[in-house]
There are 2 protein chains.
Amino acid sequence: MSISFNRIQRPVTLSQEIVENIERSILERKLVPGQKLPTEQELCAMFSVSRTAVREALRMLSAKGLVTIKKRSGIFVNDMTSTEAVSGLGLYLELKFEKDYILHVFNIRQAIEPHVCRWAAANRSTASIWELEKNLLKMKDCPPEDRETESLLDQEFHQMIAAASKNPVVPLVLQPVFSLMPRIRAMVYTHIPNCVSAALEYHRRILDAIKQRDEEAAFREMQIHIANAAEQANEVIDIIDKKAHAQDEANRTTVSP
Amino acid sequence: MSISFNRIQRPVTLSQEIVENIERSILERKLVPGQKLPTEQELCAMFSVSRTAVREALRMLSAKGLVTIKKRSGIFVNDMTSTEAVSGLGLYLELKFEKDYILHVFNIRQAIEPHVCRWAAANRSTASIWELEKNLLKMKDCPPEDRETESLLDQEFHQMIAAASKNPVVPLVLQPVFSLMPRIRAMVYTHIPNCVSAALEYHRRILDAIKQRDEEAAFREMQIHIANAAEQANEVIDIIDKKAHAQDEANRTTVSP
DNA sequence: ATGTATAATATGTATGACACAATAATTGAA
DNA sequence: TTCAATTATTGTGTCATACATATTATACAT
């Protein structure tokens, strides 16, 4: 392995320095969420730099999700949500995704989600039960051919359980999984166009367990649900591999007759 | 609860549009990592906008980690790493951290890491074994009073196991956990200044299991290791709570004599 | 071929200007 | 006096221009 050195960028740009400065202020709670920052002009004066530098710094901060720029109104410290915090993940996975992520994702789901479900059973509020019931109703009313909606509801169900666990780190941990699922589902549907979803029944049993605060049942039912989904995913992988293989054969025969 | 709607910012700024445009090109692989983008001037011409708009767009893209701006040289499409992808997480957790995250993090670690360790035992390469051995040696040589280094090595060990699992989603999933651990460790050390770490022994047993490809043992040993760490963490929580309580009492008596 | 000096290039920063929407201030009506 | 409509002000969005300075390429000398 040949190591490589990165170029040394000695003098940081002004805008970066401004970014770091403001970022530090936010981290140190000198600037609190919702608070309005000084105007561009004032910032220019404070840092003794041009508006160019200040504006570029503010754009970077907004791209990072630390501030919100309200057009022609002002710059405000943003109350970062977990969703924004992991927004970069979506882009990353969009770029790096490949088909064997399907198995990897399901392995992880099998490991984590039953536990999360148990915690949900232990800590769920009545409000979350209500939300989950609503979700189930919507799924019941969803026409079987409307895959789009069904996927959304399925995802929502699992995310609501993550929230119901009352462990604030769980949604962060599961974010990569949830980011990848739409793509995985799309792949499943393109290769098994007329697969039938049994999500509704599984969700019903899971919700019942959570409702009754039956931690063991919640764990078990979620385990069963994910195992079933994983099985489906495995079938898809097989089909994709077979198709790829067939394609390969076809190519070989045409290339070297 | 009165809901509130956020203002709709219809006319997106020019720089935003440019960002979306270039972002799309990167996502569609029209621009590949390492590739140099046109110069600012050329981009101005292509989009028919001022240099201001282009520059602000480029700054946002660089803040998002999609491009790297080399000073006075050019703008290059960045090959996003998973670390960059979740860089926003660090900021978020810095802002949101509170003491009960300790328990939440350990709950999650108990749920996930044994599984990850099992996968590592199944899929580990000889290279990863070597790396893990090196880590263990360094930890053995680490003086017990050097908490800083020990923490780093401990974290490294767990991250290396995550990598050894050969599941590319695992490091992403565990990122929030690893982001929080330094802070948690710092808290432990401030409240139990002379606690003694038994990490070395546990790590030894874990590595042995992985080396022998003994999946069950790997699972079990990691489970034991994390359970032990969680126990310590619980003690710390107790101590903190007691201190807080004592402080509370003190305040009460001084305020209302 | 290697190293140095020069020129061309691209980004970094500053300044000034103006459009336009959002807010604040003012005015007018009930 | 209170509320609504109008006007004024403010602050951001965008453009144009200029120059500084570091990087890269070119040419030249050794």
Side-chain angles (χ1 to χ4, degrees), chain A residues 4-23 25-26 31 33-79, chain B residues 4-23 25-26 31-78:
Chain A
S4 68
F5 295 101
N6 294 340
R7 166 178 293 279
I8 302 167
Q9 293 246 28
R10 285 197 299 56
V12 244
T13 62
L14 259 182
S15 40
Q16 281 180 4
E17 276 190 83
I18 299 170
V19 165
E20 284 159 31
N21 214 303
I22 298 179
E23 194 172 302
S25 295
I26 294 176
L31 295 168
Q35 188 174 344
K36 189 174 182 302
L37 276 101
T39 67
E40 292 181 355
Q41 301 263 7
E42 290 171 315
L43 287 172
C44 293
M46 292 163 79
F47 290 114
S48 305
V49 295
S50 72
R51 222 182 126 204
T52 314
V54 166
R55 280 184 63 81
E56 290 184 0
L58 291 174
R59 302 254 96 114
M60 290 197 262
L61 286 166
S62 93
K64 281 190 175 194
L66 280 167
V67 305
T68 305
I69 303 176
K70 285 176 133 172
K71 288 187 70 171
R72 289 174 193 89
S73 172
I75 294 106
F76 299 84
V77 179
N78 193 12
D79 190 7
Chain B
S4 68
F5 295 102
N6 295 341
R7 165 177 295 279
I8 300 167
Q9 293 243 30
R10 279 204 308 71
V12 206
T13 62
L14 258 182
S15 41
Q16 287 278 2
E17 278 190 81
I18 298 170
V19 165
E20 283 159 28
N21 214 304
I22 297 179
E23 195 172 300
S25 295
I26 294 175
L31 295 168
V32 298
Q35 189 174 344
K36 188 175 184 300
L37 278 120
T39 66
E40 292 180 356
Q41 301 261 7
E42 289 170 314
L43 287 171
C44 293
M46 292 163 77
F47 289 116
S48 305
V49 295
S50 72
R51 225 182 121 202
T52 312
V54 167
R55 280 183 63 81
E56 290 184 0
L58 291 174
R59 295 261 109 108
M60 288 197 264
L61 286 166
S62 93
K64 282 189 175 193
L66 281 167
V67 305
T68 305
I69 302 176
K70 286 176 139 172
K71 289 185 71 172
R72 289 175 189 89
S73 171
I75 295 105
F76 299 84
V77 179
N78 193 13

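Note that the structure is a prediction, hence the values are computed from the model and not measured. Proteins come first, then strands; the chains are lettered A, B, ... in the order of their sequence lines, and each starts at number 1.
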*Asks:* Looking at A:Gln35, I want to see if its CD is surrounded by more than 12 non-hydrogen atoms of other residues, nucleotides or ligands under 6.0 Å.
*Replies:* yes

*Asks:* Starting at NZ of B:Lys70 and ending at P of D:dT24, how long is that distance when rounded to a whole Å?
*Replies:* 7 Å

*Asks:* Looking at every strand, decide which applies to A:Thr52 at a 4.0 Å heavy-atom threshold: base, sugar-phosphate, or nothing.
*Replies:* base

*Asks:* If I take atom CG from residue B:Leu58 and atom CG from residue B:Leu43, how far apart are they, to the nearest 0.5 angstrom?
*Replies:* 6.0 Å

*Asks:* With a 3.5 Å distance limit and no angle check, can you tell me whether B:Asn78 reaches the backbone of B:Thr68 through a side-chain donor-acceptor pair?
*Replies:* no

*Asks:* In whole Å, I'd like the distance from the CZ atom of A:Arg51 to the P atom of C:dC18.
*Replies:* 14 Å

*Asks:* Could you give the CG-to-P distance, from A:Leu58 to D:dT14, as a whole number of Å?
*Replies:* 14 Å

*Asks:* Strictly below 4.0 Å, heavy-atom distances to any atom of DNA chain C: list the hits from residues 35-42 of chain B, or just say none.
*Replies:* B:Thr39, B:Glu40

*Asks:* If the condition is salt bridge (charged side-chain N to carboxylate O under 4.0 Å, His left out), which residues does B:Arg55 pass it with, not counting sequence neighbours?
*Replies:* A:Glu56, B:Glu40

*Asks:* Is any side-chain heavy atom of B:Val54 closer than 4.5 Å to one of B:Val49?
*Replies:* yes

*Asks:* Would you kindly give the CD-to-C1' distance between B:Glu56 and D:dT12, to the nearest whole Å?
*Replies:* 10 Å

*Asks:* Which residue in the set A:Lys64, A:Arg59, A:Met60 passes side-chain contact (heavy atoms from CB on, under 4.5 Å) when paired with B:Met60?
*Replies:* A:Arg59

*Asks:* Give a yes/no on whether any side-chain N or O of A:Ser50 is located under 4.0 angstrom from OP1 or OP2 of C:dA14.
*Replies:* yes

*Asks:* Will you find, in the side chains of B:Glu42 and B:Thr39, an N or O donor that is under 3.5 Å from an N or O acceptor?
*Replies:* yes

*Asks:* Select one nucleotide: of D:dC15, C:dT13, D:dT12, the one nearest the side-chain heavy atoms of A:Ile75.
*Replies:* D:dT12

*Asks:* CD1/B:Ile26 to CG/B:Asn21 distance, rounded to the nearest 0.5 angstrom?
*Replies:* 10.5 Å

*Asks:* Rounded to the nearest 0.5 Å, what's the gap from NZ on A:Lys71 to CD on B:Gln16? Could you check?
*Replies:* 9.5 Å

*Asks:* Which whole-number value in Å describes the distance from B:Glu17 CD to D:dG13 P?
*Replies:* 14 Å

*Asks:* Within the pair B:Ser73 and D:dT24, is there a side-chain N or O less than 4.0 Å away from OP1 or OP2?
*Replies:* yes

*Asks:* Quick one: is D:dT14 close enough that its OP1 or OP2 comes under 4.0 Å of any side-chain N or O from A:Arg55?
*Replies:* no

*Asks:* Could you list the protein-to-nucleotides 19-21 of chain C atom pairs, N/O on both sides, closer than 3.5 Å?
*Replies:*
none

